[in-house]
Chemist: 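Before I ask anything, here is the structure I am working with.
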Amino acid sequence: MVIKRDGTWFYQGTPIGRPGLVKLFSSIIRKDGEDYFLVTPVEKVGITVEDAPFVAIDFDRVGDGLVFRTNVEDEVTAGPEHPIRVVRDAKTGEPSPYVLVRANLEALIDRKSFYRLVEEGEHAAHEGADWFGVRSGGAFFPIIPSAELP
């Protein structure tokens, strides 16, 4: 089984087209170290995850929180328990934003949601420097150092 970067699940090279089946599999996925597994009471099967096992496909501002929805219908409010992190490609500088959904499992925040997230951004001090980032659940999540913005 393979989970592509866009959140599509494949079995033996064929996309799994039934959302209910994908949701069922998503409920038994685990990450041990850097490896992903589907775990049932009787077996543990390794799977390939190209980037993150889930995709955050939308979010809403609810009070002081950003509530993310994933492609498998999980909802989490970003905050200390569900942090947002942004990894930038060393060569291109392109950001890959993630939100923690549950124990060691993240959702890649899709492009349209990331653009909306940037609209929510502000500049704030973080670890001794000024950063551009977002606030949610009482926490500040840095996206890029302010000095690197035009």
Side-chain angles (χ1 to χ4, degrees), residues 1-10 15-16 19-39 44-150:
M1 189 168 298
V2 175
I3 304 173
K4 298 287 188 175
R5 181 174 167 89
D6 68 0
T8 306
W9 292 55
F10 284 79
I16 299 173
L21 192 54
V22 171
K23 189 173 179 178
L24 174 66
F25 285 137
S26 76
S27 71
I28 61 171
I29 191 170
R30 303 286 183 267
K31 184 177 181 186
D32 295 335
E34 295 301 313
D35 298 318
Y36 292 89
F37 300 91
L38 296 180
V39 181
K44 181 177 181 180
V45 178
I47 63 172
T48 301
V49 176
E50 286 186 351
D51 191 344
F54 311 119
V55 177
I57 58 172
D58 202 3
F59 75 90
D60 289 307
R61 168 70 69 185
V62 178
D64 77 339
L66 298 168
V67 180
F68 288 88
R69 281 180 299 292
T70 71
N71 61 318
V72 293
E73 300 178 6
D74 286 324
E75 285 193 3
V76 297
T77 301
E81 299 288 316
H82 299 282
I84 296 170
R85 71 180 182 98
V86 178
V87 177
R88 292 175 56 203
D89 183 277
K91 292 181 183 175
T92 66
E94 181 177 347
S96 292
Y98 302 90
V99 62
L100 183 65
V101 176
R102 55 182 184 256
N104 297 330
L105 299 174
E106 293 181 309
L108 174 66
I109 299 171
D110 71 0
R111 187 173 305 275
K112 70 173 172 34
S113 297
F114 184 59
Y115 288 151
R116 286 184 47 229
L117 193 65
V118 167
E119 291 174 3
E120 298 267 341
E122 63 182 71
H123 294 271
H126 177 74
E127 296 182 354
D130 286 333
W131 281 75
F132 179 80
V134 294
R135 289 191 189 280
S136 179
F140 178 77
F141 300 103
I143 294 175
I144 188 170
S146 295
E148 293 183 28
L149 293 173

Chemist: How many angstroms lie between OG in Ser26 and CG in Asn71, if you round to the nearest 0.5 Å?
Modeler: 8.0 Å

Chemist: Quick one: CZ on Arg116 to CD1 on Ile109, what's the gap to the nearest 0.5 Å?
Modeler: 11.0 Å

Chemist: Please test Phe141 against Val86 for side chain to side chain contact (heavy atoms under 4.5 Å, CB included), starting from the C-alpha separation and ending with a verdict.
Modeler: CA-CA 9 Å; Phe141 300 103; Val86 178; over 6 Å; no

Chemist: In terms of the angle between their ring planes, are Phe68 and Phe59 parallel, tilted or perpendicular, with boundaries placed at 30° and 60°?
Modeler: tilted

Chemist: How far apart are the closest heavy atoms of Pro83 and Pro80, and which atoms are they?
Modeler: CD-O, 3.8 Å

Chemist: Would you mind telling me which of Val45, Ile3, Ile47 makes a side-chain contact (heavy atoms from CB on, under 4.5 Å) with Tyr36?
Modeler: Ile47

Chemist: Taking the cut-offs as 6.0 angstrom to the six-membered ring centre and 45 degrees off its axis, would you call Arg30 and Phe37 a cation-pi pair?
Modeler: no

Chemist: Go through the steps for Phe10 and Thr48 under the test side chain to side chain contact (heavy atoms under 4.5 Å, CB included), then give the verdict.
Modeler: CA-CA 10 Å; Phe10 284 79; Thr48 301; over 6 Å; no

Chemist: Is there a side chain to side chain contact (heavy atoms under 4.5 Å, CB included) between Leu100 and Val76? Walk through the geometry before answering.
Modeler: CA-CA 8 Å; Leu100 183 65; Val76 297; over 6 Å; no

Chemist: Working to the nearest 0.5 Å, report the span between CD of Glu106 and CD1 of Ile84.
Modeler: 11.0 Å

Chemist: Return yes when atom CD of Glu120 has more than 12 non-hydrogen atoms of other residues, nucleotides or ligands closer than 6.0 Å, and no otherwise.
Modeler: yes

Chemist: Using a strict threshold of under 4.0 Å (side-chain N to carboxylate O), is an ion pair present between Asp6 and Lys4?
Modeler: no

Chemist: Output, in order, the C-alpha distance, side-chain angles, deciding distance and verdict of side chain to side chain contact (heavy atoms under 4.5 Å, CB included) for Leu66 and Arg61.
Modeler: CA-CA 5 Å; Leu66 298 168; Arg61 168 70 69 185; 3.6 Å; yes

Chemist: With a 4.0 Å cut-off on N to O distance, would you call Glu94 and Arg111 a salt bridge?
Modeler: yes

Chemist: Work out which heavy atom in His123 is nearest to a heavy atom in Leu149; give both atom names and the distance.
Modeler: CE1-CD1, 3.6 Å

Chemist: For the OG1 atom of Thr70 and the CG atom of Asp110, what is their distance to the nearest 0.5 Å?
Modeler: 11.0 Å

Chemist: Looking at Glu50 and Arg5, does any basic side-chain N land under 4.0 Å from a carboxylate oxygen?
Modeler: no

